[in-house]
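Here the structure is a predicted model, which means the values were calculated and not measured.
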Amino acid sequence: MSRREQIVMTTEEVGAFLLAERVADVASMGPNGRPHLAPLWYVPEGTTLRTWTYGSSQKVANLRRLPQATVLVEAGDSYEELRGVSMECDVEVVEDGERVAAIGSELTSRYTGSEEVAVAASQFVRVQAVKRVGLVFTPTKVVSWDHRKLGGGY
């Protein structure tokens, strides 16, 4: 008997999970037709994720060719603790320098845990933004699971 319905996260749980976790594995399609995987830090807004990366990276080349990706965020060290969110996403490649810098500032604040550090790093972020693009992942399909809801049973 399938217990799939018992482990699905609510929309609120998905949002909280994405906010709590820190690394998204992003799969874009490489030029040879095979998935290209890259881990990225991100800033969540509900289920939409924003990040930045070097404009010359393979993932950006892939996303310019086909602006679609599958994004996986997961956690758990044993089967009964597994939880995650997999999203099929449309991807916007952001070229506008101000928007790219804003994403970089958000990332700096989120991953340093300090608005003060983010402000102090603003010049570094602006210099980096010239070499980078923003990526905005907007889900078209979301699949989630939280095995903890099974109470340790399978």
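- For the side chain to side chain donor-acceptor pair (under 3.5 Å) criterion with Asn62, the lone passing option out of Gln58, Lys59, Arg64 is Gln58.
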Side chains of residues 129-140: which donor-acceptor pairs under 3.5 Å do they make with residues two or more places apart or in other chains?
unit_1, atom_1, unit_2, atom_2, d
Arg132, NE, Gln128, OE1, 3.2
Arg132, NH2, Tyr54, OH, 3.2
Arg132, NH2, Gln128, OE1, 3.2
Thr140, OG1, Glu88, O, 3.1

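- Residues Arg126 and Glu98 are paired through a salt bridge, judged by an N-O separation under 4.0 Å between the basic side chain and the carboxylate.
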Note to self: Applying side chain to side chain contact (heavy atoms under 4.5 Å, CB included) to Cys89 and Thr70, what does each step give before you reach the verdict?
What the structure shows: CA-CA 6 Å; Cys89 298; Thr70 299; over 6 Å; no
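- A donor-acceptor pair under 3.5 Å is formed between the side chain of Tyr111 and the backbone N or O of Tyr42.
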Note to self: Please determine whether side chain to side chain contact (heavy atoms under 4.5 Å, CB included) holds for the pair Leu49 and Val71, giving the CA-CA distance in whole Å, both sets of side-chain angles, and the decisive distance to 0.1 Å.
What the structure shows: CA-CA 9 Å; Leu49 305 182; Val71 178; 3.8 Å; yes
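- Closest of all the heavy-atom pairs between Leu63 and Gln68 is CD2-O, 3.5 Å.
- Side-chain contact between Glu95 and Val100: absent, with no pair of heavy atoms (C-beta onward) separated by less than 4.5 Å.
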Notebook entry, point to check: Between Val26 and Leu37, does a side chain to side chain contact (heavy atoms under 4.5 Å, CB included) hold up when you go through it step by step?
Noted result: CA-CA 6 Å; Val26 175; Leu37 285 171; over 6 Å; no
May I have the list of side-chain donor-acceptor pairs in residues 15-25 shorter than 3.5 Å, sequence neighbours left out?
none

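- A distance of 12.0 Å separates CD in Glu80 from CG in Asp146, rounded to the nearest 0.5 Å.
- Clustering ILVMFWY residues whenever any of their side-chain heavy atoms sit less than 4.5 angstrom apart, transitively, puts Val93 in the very cluster that holds Leu40.
- In this structure the side chain of His147 reaches within 4.5 angstrom of the side chain of Tyr79, judged on heavy atoms.
- Taking the side chain as every heavy atom from C-beta outward, Val85 and Val143 never approach each other to under 4.5 Å.
- Ion pairing between Arg50 and Glu45 holds under the 4.0 Å rule for side-chain N and carboxylate O.
- Atoms NZ and CG, from Lys141 and Asp90 in turn, are 14.0 Å apart once rounded to the nearest 0.5 Å.
- Scanning all heavy atoms of the two residues, the minimum distance from Gly76 to Leu82 falls at O-CD2, 4.0 Å.
- Salt-bridge formation is detected for the pair Arg99/Glu92: a Lys NZ or Arg NE/NH1/NH2 atom is positioned less than 4.0 Å from an Asp or Glu carboxylate oxygen.
- Cluster membership for Trp41 and Val125, using ILVMFWY side-chain heavy atoms within less than 4.5 angstrom, is shared.
- Taking OG1 from Thr10 and CD from Glu13, the interatomic distance works out to 3.5 Å, rounded to the nearest 0.5 Å.
- Ion pairing between Arg83 and Glu74 fails under the 4.0 Å rule for side-chain N and carboxylate O.
- The backbone N or O of Gly104 sits less than 3.5 Å from a side-chain atom of Thr108, completing a donor-acceptor pair.
- Of the possible donor and acceptor atoms, none in the side chain of His36 sits under 3.5 Å from a partner among the backbone N and O of Ser28.
- The distance from atom OG of Ser105 to atom CH2 of Trp52, rounded to the nearest 0.5 Å, is 7.0 Å.
- Shortest non-hydrogen contact noted between Thr47 and Met87 is O-SD, 3.5 Å.
- Within a 6.0 Å radius of CZ in Arg4, more than 12 heavy atoms belonging to other residues, nucleotides or ligands are found.
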